[in-house]
Asker: 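For reference, the structure I am asking about is given below.
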Amino acid sequence: MTGLRQLNDDLGTRTSELIERLHVSRGTGRMLVLLVVAFVFFAALRPNVFLSTLNLQNLALSAPEIGVLAIAMMLAMLTGGIDLSLVNIANLSAITMSTLYTTIHGSNPALAEQLVPVLVLAGLGVGLLGGAINAVLVAYVGITPILATLGTMQIYNGLAVVWTGGRTLYGSPATLTNLGQATVAGIPILFLVFILTAVLVALLINRTPIGLKIQLEGSNPMAAMYSGIRSRSVLTSTYLVTGLLGGLAGVLFIARNPSASADYGASYVLLVIVIAVLGGTNPTGGFATVLGVVLATLTLQIVASGFTALRLSAYQYAIAQGVILILVMIADQVTWRRRRQRRPRPAALAPHS
Amino acid sequence: MNDSSPQRFSIPNLRGPNNEGILALILLGLIIVMSLLNPVFFSVSTLFAIVRSSIVPLIFALGVLLVIISGGIDVSFAAIAIFAGYTTVAAFGSGAFGTGLVGAVLLALAIGAALGLINGVVIARFRLPTLIVTLGTQGIFKGALLTFVGSRFIADLPQAIAGLSTTNLMSVATASGRAYLHVMVIPAVLLCCAMAWMLHRTMFGRAIYAIGDDAEAARRAGFRVVRTQILLYVLVGMTAALGGLIYIIMGRSASPQNLVGTELDIIAAVVLGGASIFGGRGSVLGTILGVLLVQVIGNSLILAGVPSAWQRAAVGALLVIGVGVQAVSAKRRRRRQPSADGPDLTREAMTV
């Protein structure tokens, strides 16, 4: 009897270990394959348009803001939550920076240019503040993340609309715009910022105690609680970081495009969720890799620019995006079920369907 | 399951199973305050205007309610609505059909059912997260509409349905002119009654609650989960299609770019109406109150001279407060009866 129990437990831990390893590597491996396939496909169809330096640089310029938001979404999903307010945090951050710049510029143009680091800090600060409000609602009041951020999303967007009066603000420091267009060895600086952010978040998740706690909290909150992990502080730091990344996305918005408005990137919320899930993030928490999300971001951007190169419309791209998402999810599910059926099932596990 | 049957709780407990009583009180309080502040508010024309602006959101909200009770989230209903509505109008405009209003409604419903079937099959057969699947189908539906059906703005509706755009159920003479009640309030009210009946008096309705509470328990109790879910999404697709057609009729024009992007506002109204995002809880009455509350707030802000831009922020704040109060009171309840759940006791002991 004890032998059987031992075997059962043993099988259980080994299975979950295997699945965990497969899941993580499958997310990144699959995206790498998709990335290469997409790149080769469009490069072969339209080499002179798709492979032009201009197109590749455009690709590298549009990816960072979406990628940073996707990494933030991935972090929230890692704890089993979601952050719908990210794009609105980014817009608030961009609007703050633009307004501050215009105000200072009115009295002292030279000073306004010198204060760029302060402006960037203000943008990041707004992001942190937005994240802090989310953190209080999720970790202390105890509202489900999807509802808390649905509410703050409306609040942040409403504030941005009131603030700007629904207009687009023009006015951003030339330094920031120049930085947005500058390249190092042909690679846009914005893209380097994105890669740096990805590396930092990857280090945070994989190499720090708080990262480990975030993963544990997401994969099994009850077990995390019994291991002495304080879910409040874990959730608080998670939503602070996602808010900060949202603020960073706002800085990227304004560096790429010297304007700010309440409705910029309205379609990004859903796009960013799509990217996070494609990158192998488990929406119920516990599993995610930064590399997978970065690869998914690049893949979707390649498909988008490839569609443009083929003169297909943005709507056809929307179809492709939806089809890719659903097919990848179905493929995941089917292989997962097949693997489970092949293995002799432990007696304790009830047949499911 | 017990929480969600109002027959048992409504009389002794005024709060209602999903806080409908509190919601009604807030709504009433808001109306009284607004009427005192601004006598113009308390008039038949304001009432009719609020009813008019509530019709389409209410129909969408009923569909969203079904999905939320079953434990899912649907963000594709707006895409289905505009797909069905626009395609119907386009098909009639090109003269492909000439079967009148009934034909138009049937065509829209058929399109909605087909699109809902896609959602249902993918969600139920492969047991995928509803939010992610409907995110994908939303993109597919909107993209397909604009690519294959048309991207043109249609300003003149076909004869068969154009007449309805300006038909009013009743008109009342007021001091400031006549106030009109749009005829489209009839399908909205009928749909509310039908939904309420279905949710409480049919096996299908009870199955939705059961699945939302605990899908595995529902399956073991003998409910056919997959079949119920597929049927549910077909029904939601049809509801959305009807809403889309009515939206086009009331707006007197059809643009494929409309509606998509307003999903989260509708979901917010439904959640405000007491439906639990975890499934198993929610009522038609609460949803009606939630939608009305959002519309009254919008109307009040305008009358109070507050820029309408504040409406979104106000609804968001209300949502956070409403859900926050529920979360805090749930926590308190757990603390008061510690013997009920062992693990929760430990959790409180460790976090406090």
Side-chain angles (χ1 to χ4, degrees), chain A residues 82 84 133 137 141-144 146-148 150-159 161-166 222 225-226 228 230-232 262 266-267 269-271 273-274 277 283-284 312-327 329-330 332-334 337 350 352-353, chain B residues 73 75 122 125-129 131-133 135-148 151 216 219-220 225-226 256 261 263-265 267-268 271 277-278 307-328 330-331 343 346-347 350-351:
Chain A
I82 197 167
L84 297 175
I133 295 173
L137 292 177
V141 184
I143 307 179
T144 326
I146 190 168
L147 288 183
L150 175 63
T152 53
M153 170 188 142
Q154 311 253 23
I155 296 176
Y156 299 156
N157 180 252
L159 288 179
V161 172
V162 172
W163 188 341
T164 59
M222 189 64 80
M225 186 190 77
Y226 281 126
R230 295 200 319 210
S231 76
R232 268 187 190 172
S267 61
V269 197
L270 304 183
L271 173 66
I273 298 175
V274 170
V277 173
T284 54
L312 294 172
S313 70
Y315 310 123
Q316 280 153 326
Y317 169 57
I319 301 178
Q321 200 180 297
V323 169
I324 293 175
L325 176 69
I326 289 179
L327 285 185
M329 298 277 295
I330 290 179
D332 255 14
Q333 194 71 13
V334 169
R337 272 196 210 171
H352 202 83
S353 92
Chain B
I73 290 188
V75 291
V122 175
R125 280 262 166 256
F126 299 101
R127 257 185 253 125
L128 296 176
L131 173 68
I132 313 291
V133 170
L135 265 178
T137 52
Q138 180 206 46
I140 297 176
F141 295 159
K142 190 182 176 197
L145 171 67
L146 283 153
T147 310
F148 302 119
S151 51
E216 181 57 25
R219 195 185 63 76
R220 294 193 185 186
V225 175
V226 172
E263 301 88 4
L264 295 177
D265 296 331
I267 294 174
V271 171
I277 208 91
F278 301 112
S308 59
W310 279 102
Q311 187 182 347
R312 254 183 101 88
V315 171
L318 200 66
L319 182 70
V320 167
I321 293 169
V323 184
V325 168
Q326 281 180 26
V328 170
K331 242 191 236 172
T346 347
R347 175 166 207 140
M350 290 181 81
T351 46

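Side-chain atoms are counted along with the backbone in the values below, which use heavy atoms only and exclude waters and symmetry mates. Quick note on labels: first sequence line is chain A, next is B, and so on, each numbered from 1. Everything numeric in this text was worked out from a predicted model, so none of it was measured.
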Asker: Between V122(B) and chain A, with a heavy-atom cut-off of 4.5 Å, which part of the residue counts as in contact: side chain, backbone, both or neither?
Answerer: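 Looking at V122(B), just its side chain touches chain A.
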Asker: List the atom of A268(B), the atom of Q154(A), and the distance in Å for their closest heavy-atom pair.
Answerer: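 Closest pair (atom of A268(B), atom of Q154(A), distance): CB-NE2, 3.7 Å.
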Asker: G316(B), G324(B), P129(B): which one forms the most heavy-atom pairs within less than 4.5 Å of chain A?
Answerer: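 Between G316(B), G324(B), P129(B), the count favours G316(B).
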Asker: Which answer fits V277(A), side chain, backbone, both or neither, if we ask what part of it has an atom under 4.5 Å from a heavy atom of chain B?
Answerer: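 Contact with chain B involves the side chain of V277(A) alone.
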Asker: Heavy-atom pairs under 4.5 Å with chain A - which of I132(B), L319(B), I73(B) has more of them than the others?
Answerer: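 Highest number of pairs under 4.5 Å: I132(B).
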Asker: Look at V161(A), N157(A), L159(A) and state which one has the largest set of heavy-atom pairs under 4.5 Å with chain B.
Answerer: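 Of V161(A), N157(A), L159(A), N157(A) has the most heavy-atom pairs under 4.5 Å with chain B.
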Asker: With a 4.5 angstrom heavy-atom cut-off, which part of V334(A) approaches chain B: side chain, backbone, both or neither?
Answerer: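 Contact with chain B is through the side chain of V334(A) alone.
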Asker: Once rounded to the nearest 0.5 Å, what's the spacing between atom CG of L325(A) and atom CG of L128(B)?
Answerer: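 Rounded to the nearest 0.5 Å, the CG-CG separation comes out at 9.0 Å.
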Asker: By side-chain contact (heavy atoms from CB on, under 4.5 Å), which residues pair with I82(A), not counting sequence neighbours?
Answerer: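 Counting only residues at least two positions away or on another chain, I82(A) forms a side-chain contact (heavy atoms from CB on, under 4.5 Å) with M73(A), M77(A), L84(A), I146(A), T149(A), I273(A), L131(B).
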Asker: For residues 140-147 of chain B, run the donor-acceptor check on the side chains, cut-off 3.5 Å, and write out each pair with its distance to 0.1 Å, sequence neighbours left out.
Answerer:
{"unit_1": "K142(B)", "atom_1": "NZ", "unit_2": "Q257(B)", "atom_2": "OE1", "d": "3.4"}
{"unit_1": "T147(B)", "atom_1": "OG1", "unit_2": "G143(B)", "atom_2": "O", "d": "2.6"}

Asker: Looking only at heavy atoms and a cut-off of under 4.5 Å, which of V75(B), D265(B), V225(B) has the most pairs with chain A?
Answerer: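 The candidate making the most pairs under 4.5 Å is D265(B).
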Asker: Does any heavy atom of chain A fall under 4.5 Å from the side chain of V320(B), the backbone, both, or neither of them?
Answerer: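 Contact with chain A: backbone and side chain both.
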Asker: Could you tell me which portion of L318(B) (side chain, backbone, both or neither) has an atom closer than 4.5 angstrom to a non-hydrogen atom of chain A?
Answerer: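 Contact with chain A is absent: no heavy atom of L318(B) under 4.5 Å.
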Asker: If I measure from the heavy atoms of chain B, does Q321(A) come under 4.5 Å with its side chain, its backbone, both, or neither?
Answerer: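 The answer is neither part of Q321(A).
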Asker: For I319(A), is it the side chain, the backbone, both or neither that has a heavy atom under 4.5 Å from a heavy atom of chain B?
Answerer: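 Backbone plus side chain of I319(A), per the 4.5 Å heavy-atom cut-off to chain B.
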Asker: Answer with side chain, backbone, both or neither: which region of L150(A) has an atom nearer than 4.5 Å to a non-hydrogen atom of chain B?
Answerer: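 L150(A) touches chain B through backbone and side-chain heavy atoms alike.
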